Every structure is written in C-alpha cells, then in structure tokens.
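Each remark here refers to the structure printed beneath this line.
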Amino acid sequence: ILSISRSVEREQKFAWVGEIAASESYFWKLKSRSDIAITHSDELSKFTIGLQRSDHQHEFVDHMLGGNQGNVVITTSKAQVIKMLFLERVDLIIGNKSSLHYRSEALGLDSAMLEPVLPVENMSASLNIAFSLNTDKQLIEGFRKAFKSLERSGELNALKAKWKVN
C-alpha cells in the first residue's frame, strides 16, 4: 500500500516498510467561505465535514466526536470529498497541504482556493509504505532492505525533493 497513514490503531494491522513523508493534517475550507471561522475543535459541530469511509481521518473524527457524526458526510473516495467541498456541499474536509494540492489539481480544481482553518490535534501522522500481514515475509523484508538502502544513499531524499514531498 502506498501511501498509508501510520497510526496507533493501524500499527498491528500492517507490515510497515518505511516512512515516505510526515503529514500534518488540517481542517480546510474554501477561502471564499468567510462565514467559517473556527478557533477550537469544539466549534466543528456547527459545520458539515466531508470524510472518506474507513480512512484514518474518518476513524479519528469518529473518535473525536464520540461517535456522534450527525454533521459528517461519508463518501467512498477522497476525490468525492474534495469535489463536495468545491461544490459547497460540505463546509470542511481534512487533509495535508501536499496531498490536497496534488489531488485538487488532478481533478482540475485550483488548490489555491483552499485554506487551512484549524490543525487537527493529535492526528499528525506519517505517510508510509506498508503491506498486508498476509504478504510473503521475504517480499516485505526485501522492500525494507531496499528502502533502507535508498535512505542511506540519499536517493530517497532526492526523490522527495523531485516530487516536492516533505
């Protein structure tokens, strides 16, 4: 799997290879939505939040809201969530800057129209390469060794710079 957020809830569910990037998440809105001003997570219940089903963000918000998801719209893909924000069908979405920029542009949408509203507390995560626990152990170990080699040689940092990954 490339890329997947590593979290406490997921730690034992995957065989982890290595970190690709750090990921600090924010609640985002359209810049044009001056009616949305949030300074604390307690205010989130006033707004509709778009999330992808079974994503780490969905898991986090479910936990944060104590299972009360009356103001949450669940979709099947990140693309749907982003489109809904641009169409003003939801007020807020969660994401990190590089991922939202890439995904918005891929959809033909201008990421400059987005702005972060509030950092998502305790959700900064790393984006990683991981395998299913059912994957052949030798294959996983081969990927781990190759990843470590890329790190040691500096090639991983060169690739991150080329692709503008933190």
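The figures that follow rest on heavy atoms only: side chains count, while hydrogens, waters and symmetry mates do not. Remember, it's a predicted structure, so these values are computed and weren't measured experimentally.
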List the steps, then state whether side-chain contact (heavy atoms from CB on, under 4.5 Å) holds for Glu105 with Asp110.
-> CA-CA 6 Å; Glu105 300 298 319; Asp110 183 3; 4.1 Å; yes
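- Placement of Phe86 and Leu107 within a single hydrophobic cluster is found when ILVMFWY residues are connected by side-chain heavy-atom separations under 4.5 Å, directly or transitively.
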Can you list the steps and then say if Leu92 with Leu118 is a side-chain contact (heavy atoms from CB on, under 4.5 Å)?
-> CA-CA 10 Å; Leu92 302 166; Leu118 184 72; over 6 Å; no
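- Atoms CG and CZ, on Leu139 and Arg144 in that order, are 10.5 Å from each other to the nearest 0.5 Å.
- For the pair Ile93/Leu100, a side-chain contact is recorded, criterion being any heavy-atom separation below 4.5 Å from C-beta on.
- Looking at Ile4 and Arg10, their side chains come closer than 4.5 Å, going by heavy atoms from C-beta outward.
- Using modelled atom types, one side-chain atom of Ser153 and one backbone atom of Leu150 make a donor-acceptor pair closer than 3.5 Å.
- Closest heavy-atom contact between Phe147 and Gly18: CE2-CA, 3.5 Å.
- Checked by atom type and distance alone, the side chain of Glu151 never pairs as donor or acceptor with a backbone atom of Leu156 at under 3.5 Å.
- Here the closest heavy-atom approach between residue Ser25 and residue Ile94 is recorded as CB-CG2, 4.0 Å.
- A search for side-chain contact (heavy atoms from CB on, under 4.5 Å) contacts involving Ser32 returns Leu30, Glu88, not counting sequence neighbours.
- Rounded to the nearest 0.5 angstrom, Ile36 CD1 and Glu115 CD are separated by 9.5 Å.
- Within the 3.5 Å criterion, the main-chain N or O of Glu24 finds no donor-acceptor partner in the side chain of Asn96.
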Please assess Val73 against Arg89 for the test side-chain contact (heavy atoms from CB on, under 4.5 Å), listing each intermediate value before the final yes or no.
-> CA-CA 9 Å; Val73 175; Arg89 293 187 181 151; over 6 Å; no
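- Side chain of Lys160 to main chain of Ile20: a donor-acceptor pair is present (N/O by atom type, distance under 3.5 Å, no hydrogens or angles).
- Here CG of Leu109 is found 8.0 Å from NZ of Lys83. Values are rounded to the nearest 0.5 Å.
- Atoms CZ and CE, from Arg33 and Met113 in turn, are 12.0 Å apart once rounded to the nearest 0.5 Å.
- The heavy-atom pair separating Ile82 from Ser104 by the smallest distance is CG2-OG, 3.8 Å.
- In this structure a side-chain-to-backbone donor-acceptor pair under 3.5 Å is present from Lys31 to Ala112.
- Residues Ile38 and Phe27 form no side-chain contact, since every pair of their non-hydrogen atoms from C-beta on lies 4.5 Å or further apart.
- Lys145 NZ to Ile140 CD1: the interatomic distance, rounded to the nearest 0.5 Å, is 13.0 Å.
- Between Lys97 atom NZ and Trp28 atom CH2 the span is 6.5 Å, to the nearest 0.5 Å.
- Contact check for Glu19 versus Ile129: no side-chain heavy atoms found under the 4.5 Å cut-off.
- Evaluation of the ring-ring contact (aromatic ring centres under 6.0 Å, His included) rule for Phe14 yields Trp16 as partners, not counting sequence neighbours.
- By the neighbour-count criterion of 12 heavy atoms within 6.0 Å, atom CD of Glu11 is densely surrounded, having more than that number from other residues, nucleotides or ligands.
- Under the 3.5 Å distance criterion, the side-chain polar atoms of Lys29 are left unmatched by any main-chain donor or acceptor of Val117.
- Of the residues Val90, Ile74, Thr75, the one that meets the side chain to side chain contact (heavy atoms under 4.5 Å, CB included) test with Gln80 is Thr75.
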